[in-house]
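Here the structure comes first, spelled out in structure tokens, and everything after it is commentary.
Numbers restart at 1 for each chain; the letters A, B, ... are given by sequence-line order, proteins then strands.
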Amino acid sequence: MLVLKRVVSVGGIIVPQCTSLSVSCFSASHCLNSPKRHSPYSSVDSERYSSLVKSVMSVRVSSQTPETLQAEDEHIYGPVVKAQTTSSGPKMRGPKTLHPFLNCEETLNLEEPESGQPVRIALNRGQGRSSVPSVTRILQQTLSPDQIFYLERWKKRMIAELGEEGFKQYSLNLFRQGKLFHSAVEEVLTSGTPQNRNLSETPEYPPDVQGYMESISHILEDVGAVRAIESTVQHNALNYLGVADCVARYRGVLCVIDWKTSEKPKPFLRNTYDNPIQVAAYAGALNNDANYKYQVENGLIVVAYKDGSPGHAHKLSSELMLEYWKTWLVRLEEFTEQRSSHA
DNA sequence: GGATCCTTCTTCTTCTTC
């Protein structure tokens, strides 16, 4: 049975998300090319029924909408300068074909030994890659109008509080902490297996990183068999690339892992916004990149907190990964359309 | 040497009651 879990707005299009997809979908790539067989919702005219679906599926109903909030903000902050929109043609309803998330055609060496140093393929933009867009850029340029609205509102409020310069420093500091945290995680993971990492001798992290590392120490204990770290993945057929944080086993399951720092608690997967799409995009690229001789179906988003409170590990099952992969394909196609209309 | 790239982050209603 299919269960309609929630409704996600993708570039202004309401996409019903389903669970309980057939597991057999992942063993044969042809299944991915015929989603209708598995999801009756994929044939729904989502534009026509979007408001209905939204009102039915929304558990919590707020009297405030982006529209009413915008009117209020305009009153307080002045008129909004709207970004130019590019959608001149008919609204896209989803990708015409679903490219396989897994690459089943190539001979894969699943028996590849997992010991040894993790792979780290550096990003080399010089080798004809300059025109290949990145996962981050694609996600940033295909944010939904709601996402753009809330992000802009947040930014305005922060600037009102901190001033332009204060906000700039605040943002730089968040980025700096994120980078330091990534380096520290990398250092721990390359220092050995969970068993022989010397956890009693706590390494001296920079003060800004100490709390984050404490926050995820219980999660790192379950991460082993690290295969790749900060490694470039490129989907040659779909023409995009990215740098995956980590590929390793979490509680025995091979995952693409993304490490995140956060100021706010993110106890649920839905609190991580586009992060699951990012992870699915990396996994799909890795699965279709000849540099990697194995396939990864699962994902993990690890959220760390500065005050050292227990971090969250959000598991992305292969079923969920496939759902987010489909969402990624929509975003990718939207980006490609944007690009061609600008050319 | 400088410029550019990929990342690093940032959003999710309100204030009604026990």
Ring pair (Phe, Tyr, Trp, His ring centres under 6.0 Å): which pairs involve residues 155-175 of chain A, sequence neighbours left out?
-> Trp154(A)-Phe167(A)

With syn defined as a glycosidic angle within 90 degrees of 0 and anti as anything else, the base of dT13(B) is syn

Look at the aromatic rings of Tyr240(A) and Trp325(A) and report parallel, tilted or perpendicular, splitting at 30° and 60°.
-> tilted

Taking any heavy-atom pair under 4.0 Å as a contact, classify [X]: base, sugar-phosphate, or nothing.
| X | result |
| --- | --- |
| Asn271(A) | base |
| Ser134(A) | sugar-phosphate |
| Gln140(A) | base |

Give every residue pair that meets the salt bridge (Lys or Arg N to Asp or Glu O under 4.0 Å) criterion with at least one member in residues 163-176 of chain A, sequence neighbours excluded.
-> Arg176(A)-Asp208(A)

Determine, stepwise, if the pair Asp307(A) / Ser309(A) fulfils side chain to side chain donor-acceptor pair (under 3.5 Å).
-> CA-CA 6 Å; Asp307(A) 63 2; Ser309(A) 58; 2.7 Å; yes

State whether Tyr282(A) places a side-chain N or O below 4.0 Å from either non-bridging phosphate oxygen (OP1 or OP2) of dT7(B).
-> yes

Look at the side-chain N and O atoms of Thr136(A) and state whether any lies under 4.0 Å from the OP1 or OP2 oxygen of dT7(B).
-> yes

Given atom [atom1] of [X] and atom [atom2] of [N], what is their separation to the nearest angstrom?
| X | N | atom1 | atom2 | result |
| --- | --- | --- | --- | --- |
| Tyr170(A) | dC9(B) | OH | P | 12 Å |
| Tyr305(A) | dC9(B) | OH | P | 12 Å |
| Met158(A) | dT11(B) | CE | P | 8 Å |
| Leu139(A) | dT11(B) | CG | P | 17 Å |
| Leu180(A) | dC9(B) | CG | P | 11 Å |
| Tyr240(A) | dT7(B) | OH | P | 11 Å |
| Asn124(A) | dC5(B) | CG | C1' | 11 Å |
| Gln278(A) | dT7(B) | CD | C1' | 9 Å |

Hey, are [Y] and [X] close enough side-chain-wise for a donor-acceptor pair under 3.5 Å?
| X | Y | value |
| --- | --- | --- |
| Tyr292(A) | Ser231(A) | yes |
| Asp289(A) | His235(A) | no |
| Gln147(A) | Asp274(A) | yes |

Selection from [options] that lies nearest to any side-chain heavy atom of [X]:
| X | options | answer |
| --- | --- | --- |
| Leu123(A) | dC5(B), dT7(B), dT11(B) | dC5(B) |
| Trp154(A) | dT8(B), dT10(B), dT7(B) | dT10(B) |
| Leu174(A) | dT8(B), dT10(B), dC5(B) | dT10(B) |
| His182(A) | dT7(B), dT8(B), dT11(B) | dT8(B) |

In residues 257-268 of chain A, what residues come within less than 4.0 Å of DNA chain B, judged by heavy atoms?
-> Asp258(A), Lys260(A), Thr261(A), Ser262(A), Glu263(A), Lys264(A), Lys266(A)

Residue that, paired with Ile257(A), satisfies side-chain contact (heavy atoms from CB on, under 4.5 Å) out of Leu316(A), Leu300(A), Val279(A), Ile229(A) = Leu300(A)

